[in-house]
Every structure is written in structure tokens, then in C-alpha cells.
Amino acid sequence: MDITNIILLVGLALILLAVIYRILPYKSLSAQKPALVFFPKYVFQISDVESAEKTMEQLGFKAHKGSNIYIRGYILGDFSAKLSRLTVTLEGQTAYLGAPLLGLFFDTGDLWQIATDIQGEKPHRH
């Protein structure tokens, strides 16, 4: 197998994983930090929108053109939630956190921690 075929297969695999990520539903935010979650994107309730917006600002999120969508990170990013492009969409007191482009393939608790911080509840570390 030559390098062109390998690159093509890797590209197709990434596209397939991105499509799967988009199709799968949002997961409810658990009370305990997960060890491993595949295709993580979380939905959770926030009680104080103003406080959540302040926390998102501290975490590096910026409102996208004055909308209810907040974005942070880099388009290319990497495999960690610290640098990946993330979005939070607020619909009333419901927040949706995920990665808009290729998606995230797994979470070892980093994305969960960001969601928990935005939610405003103290994390449970076990």
C-alpha cells in the first residue's frame, strides 16, 4: 500500500468518525468525573446564565457575533479539550458543549470538567 492510499484511508476514517460524532446524541453530564467517554458532547442545565457566561469567559470562550454560541480553541487543535475547538450553545438554561469540526473521539474527564465548571457545580472527584 503506497502513501497516497494510506493518506486517503486516514482521511476517510476521520470523516467517518466526524459524521458519527455529529449523529450521536448529546450525553447528560454525570455527577462523577468519567474515566473514559467516547464521542463526548454534553448537555446540562445551568441555574445562573450570567454566572455561566462569566465562567465561560474565564475559560477562554467568546460569544460568536453576539449570538448564544460561545467558541474557544483552535481550528486545528489537538486531541485534548484544552486546545481543541469547542462550542457551548446556550438555549435558555440548557447548555450544549461539543466540538464543532471533526469532533472529539474520547474524553478522559477534561471536557467533563469544562462542562462542570460552566454548570457551576463543584466537581466530584472519586
Side-chain angles (χ1 to χ4, degrees):
M1 189 178 281
D2 67 356
I3 190 74
T4 306
N5 287 340
I6 292 171
I7 292 171
L8 182 63
L9 286 175
V10 168
L12 289 173
L14 286 173
I15 290 169
L16 177 64
L17 289 171
V19 168
I20 290 170
Y21 182 82
R22 289 190 180 272
I23 291 172
L24 290 173
Y26 284 85
K27 299 171 184 348
S28 294
L29 192 62
S30 64
Q32 294 183 5
K33 185 176 182 176
L36 182 64
V37 175
F38 290 103
F39 300 105
K41 52 186 184 178
Y42 297 110
V43 59
F44 52 95
Q45 298 298 310
I46 52 176
S47 57
D48 184 354
V49 174
E50 189 174 311
S51 176
E53 288 174 334
K54 184 180 281 189
T55 299
M56 285 190 290
E57 185 178 320
Q58 292 170 349
L59 292 171
F61 287 90
K62 296 190 181 337
H64 180 67
K65 298 180 182 173
S67 70
N68 64 334
I69 299 172
Y70 298 81
I71 301 172
R72 82 156 209 200
Y74 303 99
I75 290 175
L76 296 178
D78 69 359
F79 292 107
S80 77
K82 293 178 183 174
L83 295 177
S84 293
R85 180 77 146 196
L86 298 176
T87 61
V88 175
T89 303
L90 295 180
E91 293 180 2
Q93 292 186 293
T94 303
Y96 299 88
L97 172 64
L101 299 175
L102 288 177
L104 292 173
F105 305 125
F106 63 91
D107 176 28
T108 58
D110 293 343
L111 192 63
W112 175 90
Q113 186 63 59
I114 291 168
T116 302
D117 290 345
I118 293 168
Q119 186 179 42
E121 298 198 4
K122 300 292 181 209
H124 305 280
R125 300 191 190 270
H126 294 285

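Everything quoted here is computed from the prediction, not taken from an experiment.
Atom CD1 of I20 sits about 4.0 Å away from atom CG of L16, to the nearest 0.5 Å. Annotation: the span from L86 atom CG to Y70 atom OH amounts to 15.5 Å, rounded to 0.5 Å.
Between the side chain of Q119 and the backbone N or O of Q45 there is at least one donor-acceptor pair closer than 3.5 Å. Side chain of W112 to main chain of D107: no donor-acceptor pair is present (N/O by atom type, distance under 3.5 Å, no hydrogens or angles).
The shortest distance between side-chain heavy atoms of I46 and L90 falls below 4.5 Å. The shortest side-chain heavy-atom distance between I7 and V10 does not fall under the 4.5 Å cut-off. Looking at heavy atoms from C-beta onward, K27 lies out of side-chain contact with V43 at the 4.5 angstrom threshold. Within the 4.5 Å cutoff, side-chain heavy atoms of R72 are placed close to those of I114.
Sorted pairs that involve residues 58-67 and meet side chain to side chain donor-acceptor pair (under 3.5 Å), not counting sequence neighbours, are lacking altogether. Residue pairs meeting the ring pair (Phe, Tyr, Trp, His ring centres under 6.0 Å) criterion with at least one partner in residues 9-37, sequence neighbours excluded, are Y26-Y96. Listed by first and then second residue, the ring pair (Phe, Tyr, Trp, His ring centres under 6.0 Å) pairs involving residues 35-60 amount to none (not counting sequence neighbours).
Applying the side chain to side chain donor-acceptor pair (under 3.5 Å) rule to T108 yields no partners; only residues at least two apart in sequence or on another chain are considered.
In plain terms, the two heavy atoms of K41 and R22 that are nearest each other are NZ-O, 3.2 Å.
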